[in-house]
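A short write-up of the structure that comes next.
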There are 2 protein chains.
Amino acid sequence: MDARAPYRPECGVMNDRPGLRERKKAKTRAAIRKEALRLFREQGYAATTVEQIAEAAEVAPSTVFRYFATKEDLVLVDQAPPFLEALRALPPGIGPVTAVRRALREAVDAQTPEERADSLERERLMATVPELWAASLKGVTREIAALQEILAAREGRSPDDPQIRNITGAIAGVLVALWFAWVRTPDMDVLAEADRALAHLESGLPLS
Amino acid sequence: MDARAPYRPECGVMNDRPGLRERKKAKTRAAIRKEALRLFREQGYAATTVEQIAEAAEVAPSTVFRYFATKEDLVLVDQAPPFLEALRALPPGIGPVTAVRRALREAVDAQTPEERADSLERERLMATVPELWAASLKGVTREIAALQEILAAREGRSPDDPQIRNITGAIAGVLVALWFAWVRTPDMDVLAEADRALAHLESGLPLS
DNA sequence: TTGCAAATGAGAGTCTACTCTCAAAATATG
DNA sequence: CATATTTTGAGAGTAGACTCTCATTTGCAA
């Protein structure tokens, strides 16, 4: 409440070392989320209380809520998936489905093996527990809306164009269906299957 | 707790008139659900308490829970949509997308105008309020799974067949995308649009 | 070291979905 | 009307997500 601002520890310093305080915060946040996901996987989302999460992460329950506004936020991803970025960066003149295939491959290739394993496990957890599906719904719909916008822009059309809407819906539907199948068949190579499914869609979904 | 069963008012009677008691129960159930949906629409799902619903329906809160095990159940549909029945009844030898188009049309034609208006409004409510989307997720996924099984059976394949999975996913995706578009454009003739979208899918989703 | 600001812990408190119990009311049968 | 049975209302009780407050601790700068 004082305009003098006499004390700004990290006022736009943008140091390479973010300072102990910031690093500790990031570590705490990561620890809370990690323990939460582990407990969700082990004993279910609804059956896990915030108190248990706090205990496992060795913080106070109130601290959990300081980092994550709601229990659902513990599982929601906060950054837009790099897939959409890759798609945005792709040159025009390629069909929507082809573009999505390429962007998907690029995004996956850009991940380190650990990142890949992490995100696969997270996705898997989300798909396994229906309660988490519901929790992640807002994020998913937002991402699909973004996909629709990008595809529309690539074709120089309105996002509300029925044809764009149909293609986006079909792409999303095919991938979601694969996602659910993956839950029941964990050994599946999801990424290869995704590429194959999109290829099938691209060729008009013939029954061979 | 008595094996003599000395008193069974409606022990398999299966009368045309179900008796006052049963009729009253149905009326109460309908009233509760109607008031609940109205309140959800007017002030949101989370912001509506069961107590408010009970008051609006003029019953006790405990009565609400006697009729609906959870708050979510208030919005979930209990009978399988007649659309799936129509699809099951369709003769084989027609492509999956064509079959879905026909079944959809048949199911809609079989509805009375009031039923149609009712279900449209209910669908609309579900699509408008994200919390309801989440609540209805289990039902939706179950229906899509049923769709996948029917389509697989029609083609004499396994429901796990990737091609079947892709077609089912694409159909569902296209329809869900339409559903969301409808929310933003209430005047749209959803049924005609659905038919057009499926036709577009059937022809391989060309960008014309 | 000293003092400022931010992060934390502890704990009490609210709100609401959901459960349980029991007595009263309504409905069916004879 | 009398009696058996079901449904309801009233209300107390539980659990867990989320909020608020305040004293304590911890990182930071001079």
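We name chains A, B, ... by the order of the sequence lines, and we start the count at 1 in each one.
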## Note on the structure
Between B:P61 and A:P61, whichever has its closest DNA chain D nucleotide further toward 5' is B:P61
### Task
Return no unless some side-chain N or O of A:Y67 is found under 4.0 Å from OP1 or OP2 of C:dT8.
yes
Please tabulate, one pair per line, all N/O donor-acceptor pairs under 3.5 Å involving side-chain atoms of residues 103-110 of chain A, not counting sequence neighbours.
none

### Query
Tell me, which pairs form a ring-ring contact (aromatic ring centres under 6.0 Å, His included) where one or both residues lie in residues 106-125 of chain A, sequence neighbours left out?
none
### Message
For a quick test of reading the model: is some side-chain N or O of A:K25 closer than 4.0 Å to OP1 or OP2 of C:dA7?
### Response
yes
### Message
Expected output is a numbered-order residue list: members of residues 42-57 of chain B with a heavy atom under 4.0 Å from any atom of DNA chain C. What is it?
### Response
B:T48, B:T49, B:V50
### Task
Quick one: list whatever passes salt bridge (charged side-chain N to carboxylate O under 4.0 Å, His left out) with B:D73, sequence neighbours left out.
none
### Task
Measure from the side chain of B:S62, starting at C-beta and using heavy atoms only, and say which of D:dC28, D:dT5, D:dG11 lies closest.
D:dG11
### Message
Whole angstroms only, please: what is the CZ-P distance between B:F65 and D:dG11?
### Response
17 Å
### Message
Run the salt bridge (charged side-chain N to carboxylate O under 4.0 Å, His left out) test against B:R38 and tell me which residues pass, sequence neighbours left out.
### Response
B:E35, B:E42
### Query
Which listed nucleotide (C:dG9, D:dG27, D:dG9) is nearest to the side chain of A:T63?
C:dG9
### Task
Name all pairs fulfilling the ring-ring contact (aromatic ring centres under 6.0 Å, His included) condition that reach into residues 145-172 of chain A, sequence neighbours left out, sorted by first residue then second.
none
